[in-house]
K.L.:
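The following block contains the structure, expressed as structure tokens.
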Number of protein chains: 2
Amino acid sequence: MMGGMAAGSKPLRSDAARNRDKLLVAATQVLAERGLDAPLEHIARRAGVSIGTLYNHFPTREALLGAILPQRMAALDEIAAAALADPDPWAGFTGFLEGLFTLQAEDHGLNDALTQSFSLATDVSQACHRGFLDVERIIERARAAGRLRADFEAGDLVTLVWAMSQVIRESMETAPDTWRRFLSFFLDGLRAEAARPIPHDHPVR
Amino acid sequence: MMGGMAAGSKPLRSDAARNRDKLLVAATQVLAERGLDAPLEHIARRAGVSIGTLYNHFPTREALLGAILPQRMAALDEIAAAALADPDPWAGFTGFLEGLFTLQAEDHGLNDALTQSFSLATDVSQACHRGFLDVERIIERARAAGRLRADFEAGDLVTLVWAMSQVIRESMETAPDTWRRFLSFFLDGLRAEAARPIPHDHPVR
DNA sequence: TATGAACATGAGGGTTTCCTCAAGTTTGTG
DNA sequence: CACAAACTTGAGGAAACCCTCATGTTCATA
């Protein structure tokens with residue numbers, strides 16, 4: 001998987017490199033299935049390795065997440081690139097959302113990561129948000145084309161990710177395309193024609 | 001609070017009745033603050049009572065929830081009644097949603113209950129859904145008036161509750177009216193004029 | 001006010017996860 | 001092959017939460 005080299009560190013012994021790769025594979029699977037707080041013992045067991053070995057390679061849970069999440073998150077880059085390449089800014093915008101939520105639906109760990117990203121360590125968090133660099137442009141392009149409502153901002157997309165994460169969690173087992181229906185409703189409110197001014201009334205009581 | 005009588009059971013001794021009430025008050029507070037899986041020890045401590053006493057009165061966590069949630073959920077009845085009393089069906093519909101989400105935002109336990117309601121015991125669950133009896137009518141009235149899109153169903157409201165629960169959880173501390181902004185966007189997609197047919201394409205791949 | 005039934009108490013056993021570390025094993029090199 | 005460094009192992013301590021039960025206390029009644 002990584003050929004036995006840890007990034008900037010000294011080369012690993014051959015058995016250690018093998019174990020590290022087995023751990024990464026197992027962790028990728030288990031985290032996708034069970035979510036971000038799957039017991040580390042499950043991962044070690046699936047890798048065919050003791051819990052001590054897991055801690056040798058990844059002294060903390062976040063070290064392990066840091067070795068896995070950025071890679072998984074990289075899929076977002078392609079999706080964002082495709083969105084920006086779409087000649088239709090609105091289609092690019094909606095395509096990006098569909099791609100993003102499909103990822104979340106396929107990977108419980110990723111779904112968790114996208115909602116908890118601010119409570120993760122800074123480096124992990126930043127690696128996770130790298131995929132969001134293009135988001136501003138995707139949004140801006142759709143707004144400038146007069147298709148996306150003018151008051152929609154990047155922060156609103158974060159809110160939508162939160163919302164979707166829960167919809168996906170709750171419906172995945174029983175009705176896995178619930179999130180698509182929900183997104184469809186939501187998008188109908190994001191079109192420029194549908195926009196009504198947001199009431200910022202100080203709440204009645 | 002309840003005058004020392006358990007519902008259909010034999011009268012409690014005076015000290016027992018006092019402790020039961022203290023437990024209910026404490027549980028209401030703690031669950032609202034910390035959510036549905038707050039440690040039972042916290043509740044006992046806040047009530048000034050030992051953990052054993054808590055178990056004397058409520059042999060299981062769900063017994064305790066069953067004594068608290070339905071009462072909290074009853075607030076929904078008033079909100080629903082007000083919605084149905086509103087001469088404007090759309091205003092009734094949106095007012096109901098605002099009331100519902102305000103409740104969720106004020107009570108972490110209620111927020112949890114509304115998302116996990118299907119994994120709770122049947123009686124608790126049913127008590128919780130009693131407040132939703134009027135929902136069908138609220139929706140139907142807004143649809144019939146041609147204000148709410150025709151393809152919106154009660155199940156979609158459940159999805160919205162899921163979505164909102166997470167928005168509320170994530171934003172409560174830092175930006176507590178995020179959910180209002182989100183709702184505003186969503187409602188713009190629920191108006192009949194905004195509705196576009198839901199694509200039920202078998203996903204591309 | 002004495003007595004038994006009702007009730008309260010909290011130490012302690014069980015579970016699940018976390019993480020460590022002393023002892024044993026494997027690998028690469030001379 | 002021998003040896004030191006690198007690595008692995010799993011038993012076990014710590015923490016958080018669950019729930020029980022033997023013991024002690026309080027209430028209600030005569």
Side-chain angles (χ1 to χ4, degrees), chain A residues 2-6 8-27 30-31 33-67 108-109 112 116 119-121, chain B residues 1-27 30-31 33-67 108-109 112 116 119-121:
Chain A
M2 301 189 57
M5 290 288 273
S9 190
K10 297 176 182 179
L12 292 174
R13 224 171 65 178
S14 65
D15 57 344
R18 230 176 307 131
N19 283 338
R20 188 173 199 275
D21 287 351
K22 286 196 287 184
L23 279 167
L24 287 174
V25 171
V30 171
L31 293 178
E33 291 165 15
R34 314 265 191 202
L36 271 205
D37 27 59
L40 296 179
E41 265 102 357
H42 286 199
I43 295 174
R45 203 174 309 133
R46 169 133 7 160
V49 134
S50 90
I51 181 65
T53 297
L54 189 152
Y55 277 99
N56 281 348
H57 288 284
F58 307 101
T60 168
R61 171 178 237 108
E62 295 219 337
L64 181 56
L65 298 184
H108 279 220
D112 290 352
Q116 304 168 7
S119 63
L120 291 175
Chain B
M1 192 178 218
M2 301 189 56
M5 291 289 272
S9 189
K10 295 175 182 178
L12 292 174
R13 226 172 62 178
S14 64
D15 57 344
R18 230 177 307 131
N19 283 338
R20 188 173 200 276
D21 286 352
K22 285 195 288 183
L23 279 167
L24 287 174
V25 171
V30 171
L31 294 178
E33 292 165 14
R34 313 264 192 202
L36 270 204
D37 26 59
L40 296 179
E41 265 103 355
H42 287 197
I43 295 175
R45 202 174 310 134
R46 168 130 10 156
V49 134
S50 89
I51 182 64
T53 298
L54 188 152
Y55 278 99
N56 281 348
H57 288 283
F58 306 100
T60 168
R61 170 176 238 110
E62 293 220 339
L64 180 55
L65 297 185
H108 279 218
D112 290 353
Q116 305 168 6
S119 62
L120 291 175

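Each chain gets a letter, A, B and so on, in the order the sequences are listed, and its residues count up from 1.
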K.L.:
Taking side chain as C-beta onward, heavy atoms only, is A:Asn19 less than 4.5 Å from A:Asn56?
P.N.:
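A:Asn19 vs A:Asn56: side chains apart.
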K.L.:
Tell me whether the side-chain N/O atoms of B:His57 come closer than 4.0 Å to OP1 or OP2 in C:dA8.
P.N.:
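Result: yes.
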K.L.:
Using 0.5 Å steps for rounding, measure from the CG atom of A:Leu64 to the NE2 atom of A:His57.
P.N.:
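Separation between the atoms: 11.5 Å.
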K.L.:
Distances under 3.5 Å between protein N/O atoms and the N/O atoms of nucleotides 9-13 of chain C, please, pair by pair.
P.N.:
from  : atom 1 : to      : atom 2 : distance (Å)
C:dT9 : OP2    : B:Ser50 : N      : 2.9
C:dT9 : OP2    : B:Thr53 : OG1    : 2.7

K.L.:
B:Arg45 CZ to C:dA8 P: how many Å, rounded?
P.N.:
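After rounding, the reported distance stands at 18 Å.
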K.L.:
If I compare all heavy atoms of A:His108 with all of A:Arg34, which pair ends up nearest, and what's the gap?
P.N.:
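What the structure gives for the nearest pair is CB-C, 4.4 Å.
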K.L.:
How about B:Asp112 and B:Leu31: do any of their side-chain heavy atoms sit closer than 4.5 Å?
P.N.:
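Contact flag for B:Asp112/B:Leu31 side chains = no.
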K.L.:
Applying salt bridge (charged side-chain N to carboxylate O under 4.0 Å, His left out), can you list everything that pairs with B:Asp37, at least two apart in sequence or on another chain?
P.N.:
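Applying salt bridge (charged side-chain N to carboxylate O under 4.0 Å, His left out) to B:Asp37 gives none.
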K.L.:
Grab the two heavy atoms, one from B:Ala67 and one from B:Leu24, that are nearest each other, plus how far apart they are.
P.N.:
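Minimum heavy-atom separation between B:Ala67 and B:Leu24: CB-CD2, 3.9 Å.
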K.L.:
Would you give a per-nucleotide map of nucleotides 23-30 of chain C, 5' to 3', where B means the base has a protein non-hydrogen atom under 4.0 Å away, S means only the sugar-phosphate does, and - means neither?
P.N.:
---BSS--
K.L.:
How long is the straight-line distance from CD1 of A:Ile51 back to CG of A:Leu40, given to the nearest 0.5 Å?
P.N.:
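Answer for the CG-CD1 pair, A:Leu40 versus A:Ile51, is 5.5 Å.
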K.L.:
Would you work out how much the helix from C:dT1-D:dA30 to C:dG30-D:dC1 bends between its ends, with each end axis defined by five base pairs, to 10 degrees?
P.N.:
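One end's axis against the other's: 10°.
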K.L.:
So A:His42, base contact, sugar-phosphate only, or nothing? Heavy-atom distance under 4.0 Å.
P.N.:
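The residue A:His42 makes no contact with any strand.
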K.L.:
Using the heavy-atom set of chain B and a strict 4.0 Å cut-off, write down the first and last nucleotide of DNA chain D that makes it in, 5' to 3'.
P.N.:
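Range of nucleotides within reach of chain B: D:dC17 to D:dA28.
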K.L.:
Rounded to the nearest 0.5 Å, how far does CZ of A:Arg18 lie from CG of A:Leu23?
P.N.:
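It comes to 12.5 Å.
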K.L.:
Not counting sequence neighbours, which residues clear side-chain contact (heavy atoms from CB on, under 4.5 Å) with B:Arg46? List them please.
P.N.:
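B:Arg46: side-chain contact (heavy atoms from CB on, under 4.5 Å) contacts with B:Ala26, B:Gln29, B:Val30, B:Glu33.
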